[in-house]
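Just so you know, ligand 1 is whichever comes first in the structure, and atom 1 is the first atom listed for that ligand.
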Amino acid sequence: MACRFGITAIGDDAERLTDAAEDAFHEIERIESLLNMYDADSMLSAVNQTAASRPTEVDDEVFELLLVAGTIWERTGGAFDPTMGPLVRLWRAWRSAGAPPDQDAIDQTRQQVGMDHVKVDVPGRTVWFDRPGVEIDLGAIGKGYAVDRAVAVLEGFGIDHCLVHGGTSTIAARGSMDAGSTGWRIGLTDPSDRQRDDDVIVLRDVACACSNQQNQSYEYEGRQLGHVIDPRTGWPAPAESSMLVISASATEADALSTASLVLGEDAAAELTRTFPEVRIRCLAAGAEPAPGMPDRASGENDRERVYET
Ligand code: AMP
Ligand code: MG
């Protein structure tokens with residue numbers, strides 16, 4: 001998942017906490033080995049290699065995640081698309097050239113993208129693609145899933161107070177950071193100055209994910225080209241904004257933050273109709289807060305607002 005994961009767990013028994021954290025890190029590694037599309041030996045790569053030629057059996061866990069991803073694809077109107085692999089590879093290949101791919105190449109590659117090309121047989125646990133070249137890419141949801149699984153491992157050890165993050169951008173919090181706190185304080189990086197936090201939120205028994213492209217984009221003719229692709233055009237989504245999503249599950253928050261980046265602020269705010277339990281906030285400089293989210297400009301009253309399930 002190309003990022004560093006972090007675990008903070010609180011309790012009295014240091015040995016137990018260490019064992020729990022070690023197991024949780026192993027769980028994250030296990031998930032990486034299932035879902036990494038760049039690793040030819042992963043479960044996902046095995047599916048990608050054969051599903052265009054025949055129905056391919058998928059292990060239960062990856063199959064379930066694929067169904068979740070398919071549901072989010074449907075409910076975001078396709079903005080989150082777990083078949084973005086071919087376009088992601090195309091754009092990655094051009095990254096070193098510092099230029100976009102040819103429009104013809106983009107148009108051709110788009111023929112291989114779309115969750116509607118992925119067919120599933122739920123009782124049989126098989127998946128097949130209706131054309132060659134389709135590739136499932138769970139990069140926008142896998143980090144959240146790994147965070148959720150790590151939390152489940154810690155909970156299995158009876159740990160009630162913990163924080164797990166993937167790359168600091170996908171976070172799940174349980175309980176609180178100390179006896180005097182209502183939850184875990186999370187600094188939100190200022191998109192225009194990544195050295196400083198311009199707000200703090202407090203999470204308790206809830207997860208959040210932030211998608212942005214500032215770290216992974218290159219400039220071409222005044223336009224920032226990032227790693228999140230808009231399925232409607234085959235081009236990268238605008239790179240200026242950061243989208244924060246708060247949800248009960250890190251899996252869902254991760255997928256929806258990517259979808260929100262694709263959709264842009266207004267359409268992303270509409271997503272809360274389909275996902276009423278979810279909060280979505282645009283962190284771009286000067287952005288207005290969505291209903292139910294704190295206004296950065298309004299000062300102290302909204303600072304350190306607590307989110308919980
Ligand atoms: P995230 O950092 O969670 O926003 O996920 C970004 C990763 O998801 C990219 O590196 C791609 O592998 C993949 N991706 C890019 N665009 C999309 C999209 N529209 N829907 C789903 N996955 C995407
Ligand atoms: Mg994501």
Worksheet item: Is the shortest heavy-atom distance from the side chain of Asp130 to the side chain of Lys119 under 4.5 Å?
Response: yes
Worksheet item: Taking it one step at a time, do Gln108 and Asp104 satisfy side-chain hydrogen bond (donor to acceptor under 3.5 Å, both in side chains)?
Response: CA-CA 6 Å; Gln108 266 179 25; Asp104 279 355; over 6 Å; no
Discussion item. Does any part of the side chain of Leu65, heavy atoms only, come nearer than 4.5 Å to the side chain of Ile141, both counted from C-beta?
Written reply: yes
Practice prompt. Answer whether the closest heavy-atom distance between the side chains of Asp23 and Glu27 falls below 4.5 Å.
Written response: no
Fill in: Aromatic Phe275 / basic Arg75 pairing, under 6.0 angstrom, 45° off normal
yes
Worksheet item: So which protein residues pack against ligand 1 under 4.0 Å, heavy atoms counted?
Response: Ala79, Phe80, Asp81, Met84, Val88, Asp137, Gly139, Ala140, Ser211, His227, Val228, Ile229, Pro231, Asp254, Thr258, Val262
Practice prompt. Have a look at Thr56 and tell me which of Thr126, Asn48, Thr50 forms a side-chain hydrogen bond (donor to acceptor under 3.5 Å, both in side chains) with it.
Written response: Thr50
Practice prompt. Please say which of Ile31, Thr170, Thr251, Ile7 ends up in a side-chain contact (heavy atoms from CB on, under 4.5 Å) with Val147.
Written response: Thr170
Worksheet item: Could you give the distance from NZ (Lys143) to CD (Glu32), rounded to the nearest 0.5 Å?
Response: 11.0 Å
Worksheet item: Leaving out waters, which are not shown anyway, how many protein N, O or S atoms lie closer than 2.8 Å to the Mg ion (ligand 2)?
Response: 4
Worksheet entry | Exercise: do Tyr145 and Glu61 side chains pair donor with acceptor under 3.5 Å | yes
